[in-house]
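The structure appears right after this line, and notes come after that.
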There are 2 protein chains.
Amino acid sequence: MSIETDIKQKKFRSPFQKLALNLVYTTKWLEYKQLESFKEHDITPQQYNVLRILRGQQGNPIKVSDITERMLDKSSNTSRLVDKLLAKNLAKRTSCESDRRAVDVVITEEGLELLNVLDPFIEDWENRFNIISEAEAEQISALLDKLRENED
Amino acid sequence: MSIETDIKQKKFRSPFQKLALNLVYTTKWLEYKQLESFKEHDITPQQYNVLRILRGQQGNPIKVSDITERMLDKSSNTSRLVDKLLAKNLAKRTSCESDRRAVDVVITEEGLELLNVLDPFIEDWENRFNIISEAEAEQISALLDKLRENED
DNA sequence: CGGCAATAGATGTTTCTACATTAAATGTAT
DNA sequence: ATACATTTAATGTAGAAACATCTATTGCCG
């Protein structure tokens with residue numbers, strides 16, 4: 001359904017305003033869809049994001065601050081997210097020897113297993129994006145990157 | 001900066017996964033930018049969204065449930081958002097005569113003034129989207145609409 | 001009409017987010 | 001080396017979101 005119909009707004013100030021609204025609206029829609037898969041497994045999107053970053057380390061420990069750098073939402077409180085993963089035995093935390101302020105985090109076997117269970121669900125809805133072509137997906141990604149260039 | 005650099009992830013499962021992550025990341029970036037303008041005026045993005053919907057009614061009252069339908073985030077608690085606007089004298093609430101369950105909401109003069117103050121800020125960052133062409137903006141919007149088609 | 005489901009909106013509760021503050025460890029400049 | 005700033009992570013707190021429940025009103029069907 002078009003964004004015009006979805007939010008019942010016929011006119012937009014400009015194609016840029018329309019795009020801004022559409023980005024927010026589409027992302028909310030997407031996050032909502034993901035949420036449905038996640039909550040069955042008692043995990044939040046943010047916790048999932050951290051778990052995936054941990055898996056990406058392939059066994060190597062990673063500091064809390066480095067996790068934050070890789071997160072989609074950099075303003076989130078990584079410390080407390082890691083707490084949640086610890087409480088569920090999905091991650092382990094050990095103090096870092098080279099810098100005793102820092103804390104090393106590693107994914108556990110149980111964490112890897114949970115990701116294995118979740119993977120097919122996530123892939124499933126990613127594959128729904130097949131409705132557009134791979135080239136179109138790449139093109140949007142490139143344009144989104146461009147939008148964020150204006151950093152001021 | 002490219003999404004690869006921003007979240008320090010070199011490879012993606014597919015262009016679709018990359019797009020999904022980029023959508024979430026870009027929207028967070030965009031919402032953060034907006035937030036900066038809003039908080040100076042003691043208003044949240046959601047409250048702003050409601051105010052704009054009220055202005056769009058051009059003086060006609062609108063029911064709470066109809067506001068929800070037009071919102072970007074349909075899962076938000078419109079009732080309490082309207083409460084906040086009332087407390088700041090930005091909106092008025094009267095009970096609807098034809099249906100006594102319903103409540104009519106109208107924007108106040110003060111609400112309109114606040115929007116007038118905010119408009120240039122919002123337009124400013126929307127105009128930063130000028131870095132891509134109007135045609136490209138329209139094209140992304142159309143593709144986003146398409147992505148949401150798969151409703152299941 | 002009477003009963004019951006559906007709708008509109010308010011409210012309660014738990015969890016999360018955003019932001020500030022704290023505490024410890026490290027880096028740096030004199 | 002000492003003093004001070006910076007970094008790293010944890011924690012405190014107010015406010016907001018998410019989700020369920022409640023109350024009042026309306027619609028509908030026998």
Side-chain angles (χ1 to χ4, degrees), chain A residues 24 27-29 31-50 53-54 61-88 91-106, chain B residues 24 27-29 31-50 53-54 61-88 91-106:
Chain A
V24 173
T27 301
K28 298 255 180 242
W29 168 85
E31 286 179 325
Y32 184 78
K33 292 279 169 197
Q34 281 183 288
L35 201 62
E36 289 178 334
S37 304
F38 288 149
K39 63 185 171 191
E40 287 170 31
H41 299 277
D42 192 33
I43 195 172
T44 67
Q46 301 253 43
Q47 289 169 22
Y48 175 77
N49 192 198
V50 173
I53 290 164
L54 293 179
I62 179 172
K63 290 194 296 172
V64 172
S65 56
D66 291 336
I67 296 175
T68 306
E69 271 198 330
R70 288 161 196 246
M71 288 193 64
L72 294 174
D73 183 356
K74 316 255 187 244
S75 71
S76 70
N77 195 330
T78 312
S79 200
R80 275 195 265 241
L81 283 175
V82 171
D83 279 349
K84 294 282 159 58
L85 297 178
L86 287 183
K88 289 183 255 190
K92 269 186 305 190
R93 183 159 59 182
T94 55
S95 69
C96 174
E97 289 170 19
S98 61
D99 182 343
R100 281 191 296 160
R101 287 168 303 183
V103 163
D104 277 337
V105 184
V106 189
Chain B
V24 173
T27 300
K28 298 257 182 242
W29 168 84
E31 285 180 325
Y32 183 77
K33 290 280 169 197
Q34 281 183 289
L35 200 62
E36 290 178 333
S37 304
F38 288 150
K39 65 184 170 191
E40 288 170 30
H41 299 276
D42 193 33
I43 196 173
T44 67
Q46 299 255 44
Q47 289 169 21
Y48 175 76
N49 193 197
V50 174
I53 289 164
L54 293 180
I62 180 173
K63 289 194 299 171
V64 172
S65 57
D66 291 335
I67 296 175
T68 307
E69 271 198 333
R70 290 162 195 243
M71 287 192 67
L72 295 174
D73 183 356
K74 317 255 187 243
S75 71
S76 69
N77 194 329
T78 311
S79 200
R80 273 197 264 241
L81 282 175
V82 171
D83 280 349
K84 294 283 161 58
L85 296 178
L86 287 184
K88 288 183 255 190
K92 270 186 304 190
R93 184 158 59 182
T94 54
S95 68
C96 174
E97 290 172 17
S98 62
D99 183 345
R100 279 192 299 160
R101 288 169 304 183
V103 162
D104 279 336
V105 185
V106 189

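Labels below follow one simple rule: chain letters A, B, ... track the order of the sequence lines, proteins then strands, and each chain is numbered from 1. Worth knowing before you read on, the calculation uses all heavy atoms, side chains too, and leaves out hydrogens, waters and symmetry mates.
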Point to revise | Lys88(A), NZ atom: more than 12 neighbouring heavy atoms under 6.0 Å | key: yes
Practice item. For Ser79(A) and Asn77(A), test the side chains for any donor-to-acceptor distance below 3.5 angstrom and give the result as yes or no. Key: no
Check your understanding: Within this structure, what is the CD1-to-P distance between Ile67(B) and dG9(C), rounded to whole angstrom?
Key -> 8 Å
Practice item. Answer yes when Lys28(A) and Glu31(B) have at least one side-chain N-carboxylate O distance shorter than 4.0 Å, and no when they do not. Key: yes
Practice item. Nearest whole angstrom, please: distance from the C1' of dT26(C) to the CG of Asp99(A). Key: 7 Å
Review point. Quick one: salt bridge (charged side-chain N to carboxylate O under 4.0 Å, His left out) partners of Arg100(A), sequence neighbours excluded?
Key: none
Practice item. Specify the separation, in whole Å, of atom CD1 of Ile62(A) and atom P of dA9(D). Key: 10 Å
**Study point:** Atom pair distance, as rounded to whole Å: NZ in Lys74(B) and C1' in dG9(C)
**Key:** 18 Å
Review point. Roughly how many Å is it from CD in Glu69(A) to C1' in dT8(D), rounded to a whole number?
Key: 13 Å
Check your understanding: Would you find more than 12 non-hydrogen atoms of other residues, nucleotides or ligands less than 6.0 Å from Glu36(A) atom CD?
Key -> yes
Review point. Starting at the 5' end of DNA chain D and moving along, which residue's nearest nucleotide shows up first, Glu97(B) or Ala102(A)?
Key: Ala102(A)
Check your understanding: What does nucleotides 10-20 of chain D look like as a protein-contact string, B for base, S for sugar-phosphate only, - for none, at under 4.0 angstrom between heavy atoms?
Key -> BBBB--SSBB-
Point to revise | Donor-acceptor contact below 3.5 Å, side chain Lys74(B) vs main chain Glu69(B) | key: yes
Practice item. Can you tell me the distance, in whole Å, between the CG atom of Asn49(A) and the P atom of dT17(C)? Key: 12 Å
Exercise for review: Could you state the atom-to-atom distance from CD of Glu40(B) to C1' of dA18(C) in whole Å?
Suggested key: 17 Å
**Study point:** Nearest-Å distance for atom pair CZ/C1', residues Arg101(B) and dG27(D)
**Key:** 8 Å
